[in-house]
Amino acid sequence: MFQLLFVCSRNKWRSLTAETIFKGRCGVEVKSAGTEEGARIKVTEGHVGWADIIFAMEKKHVRRLKERFPAQMMNKQLICLDIPDDYRYMDEELIEILESRVADYIEI
């Protein structure tokens with residue numbers, strides 16, 4: 001069973017949508033978090049340690065994760081999905097993009 005962590009800025013739209021659509025699918029466990037102070041759920045060392053694969057929405061999220069958790073990120077699979085902050089929670093286009101890009105890395 002894979003454990004997937006989705007990370008965006010505020011954990012309100014992109015990463016939360018990803019958590020919602022992938023939860024309970026194909027034997028994966030899913031969590032989501034944000035990198036900013038005002039995030040709904042702020043990413044912690046525990047999240048990073050728990051995850052087998054971390055999907056970041058933008059390059060800035062990759063950078064923030066590597067800066068905040070350098071030791072924990074060393075052996076982690078960290079993937080940037082390159083999804084801009086242009087979508088609302090459960091936006092149909094966002095769901096299509098997430099499913100397409102995540103499918104490049106895991107079987108869903």
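Keep in mind that this is a model prediction, so the values were computed, not measured. What you see below is based on every heavy atom in this structure, not just the backbone, and it leaves out hydrogens, waters and symmetry mates.
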*State whether the side chain of Lys12 and the backbone N or O of Ala39 hold a donor-acceptor pair below 3.5 Å, judged by distance alone.*
no
**Asked** Are the side chain of Arg10 and the backbone of Ala33 linked by a donor-acceptor contact shorter than 3.5 Å?
**Response** no
dist Tyr89:OH -> Thr20:OG1 (nearest 0.5 Å) comes out at 3.0 Å
Report the C-alpha distance between Arg64 and Glu36 in whole Å, list the side-chain angles of each, state the deciding distance to 0.1 Å, and finish with yes or no for side-chain contact (heavy atoms from CB on, under 4.5 Å). CA-CA 9 Å; Arg64 289 174 186 164; Glu36 292 184 0; 3.8 Å; yes
Arg25 side chain to Ile21 main-chain N or O, any donor-acceptor pair under 3.5 Å? yes
- Would you find a donor on one side and an acceptor on the other, under 3.5 Å apart, between the side chain of Lys76 and the backbone of Gly49? yes
* Please answer: with hydrophobic residues joined when any side-chain heavy atoms are less than 4.5 Å apart, are Tyr105 and Trp50 in the same cluster? => no
When you group the ILVMFWY residues by side-chain heavy-atom contacts below 4.5 Å and let the links chain together, are Val48 and Leu81 in the same group?
no
message: Count I, L, V, M, F, W, Y as connected when their side-chain heavy atoms are under 4.5 Å apart, and connections chain through other members. Are Phe55 and Leu65 then in the same cluster?
response: no
inquiry  = Surrounding CE of Met1 (heavy atoms of other residues, nucleotides or ligands, distance under 6.0 Å), is the total greater than 12?
reply    = yes
Whether over 12 other heavy atoms sit under 6.0 Å from Phe2 CZ = no
In this structure, CD of Gln77 is separated from CE of Met73 (nearest 0.5 Å) by 10.5 Å
>> Keeping His61 on the side-chain end and Ser9 on the backbone end, is there a donor-acceptor pair under 3.5 Å?
In response: yes
Open item on the list: Atom CD of residue position Glu45 - does it have more than 12 heavy atoms of other residues, nucleotides or ligands inside 6.0 Å?
Closed with: no
Heavy-atom closest pair (Glu19 atom, Val30 atom, distance to 0.1 Å) is CA-CG1, 3.5 Å
Would you check if Asp52 and Leu4 make a side-chain contact, meaning some heavy-atom pair closer than 4.5 Å? no
Check: Asp82 main-chain N/O paired with Arg101 side-chain donor or acceptor under 3.5 Å
yes
Answer yes or no: does atom CD of Glu107 have more than 12 heavy-atom neighbours from other residues, nucleotides or ligands under 6.0 Å?
no
Evaluation steps, side-chain contact (heavy atoms from CB on, under 4.5 Å), between Asp85 and Glu58 = CA-CA 9 Å; Asp85 194 7; Glu58 297 177 65; 4.2 Å; yes
Output for pair (Ser100 OG, Ile95 CD1), nearest 0.5 Å, gives 13.5 Å
### Message
Any side-chain to backbone donor/acceptor pair from Thr17 onto Trp13? Under 3.5 Å, distance only.
### Response
yes
Discussion item. For residues Val28 and Met57: do they belong to one hydrophobic cluster (side chain heavy atoms under 4.5 Å, members Ile, Leu, Val, Met, Phe, Trp, Tyr)?
Written reply: yes
Please report the C-alpha distance between Lys31 and Ile41 in whole Å, then the side-chain angles of each, then the deciding distance to 0.1 Å, and finally whether the side-chain contact (heavy atoms from CB on, under 4.5 Å) criterion is met. CA-CA 10 Å; Lys31 292 183 180 179; Ile41 296 173; over 6 Å; no
For Phe6 and Val102, the nearest pair of non-hydrogen atoms, with its separation, is CE2-CG2, 3.8 Å
Of all heavy-atom pairs linking Val62 and Cys80, the shortest is CG2-CB, 3.8 Å
Practice item. Compare all side-chain heavy atoms of Asn11 with those of Val43 and state whether any distance is below 4.5 angstrom. Key: no
Distance col, row Glu29:CD vs Lys23:NZ, nearest 0.5 angstrom, shows 9.5 Å
Point to revise | ILVMFWY cluster, Leu5 and Leu16 together (side-chain gap under 4.5 Å) | key: no
CA sep, side-chain torsions, deciding dist, call: Val7, Arg14, side-chain contact (heavy atoms from CB on, under 4.5 Å) | CA-CA 8 Å; Val7 177; Arg14 294 172 289 173; over 6 Å; no
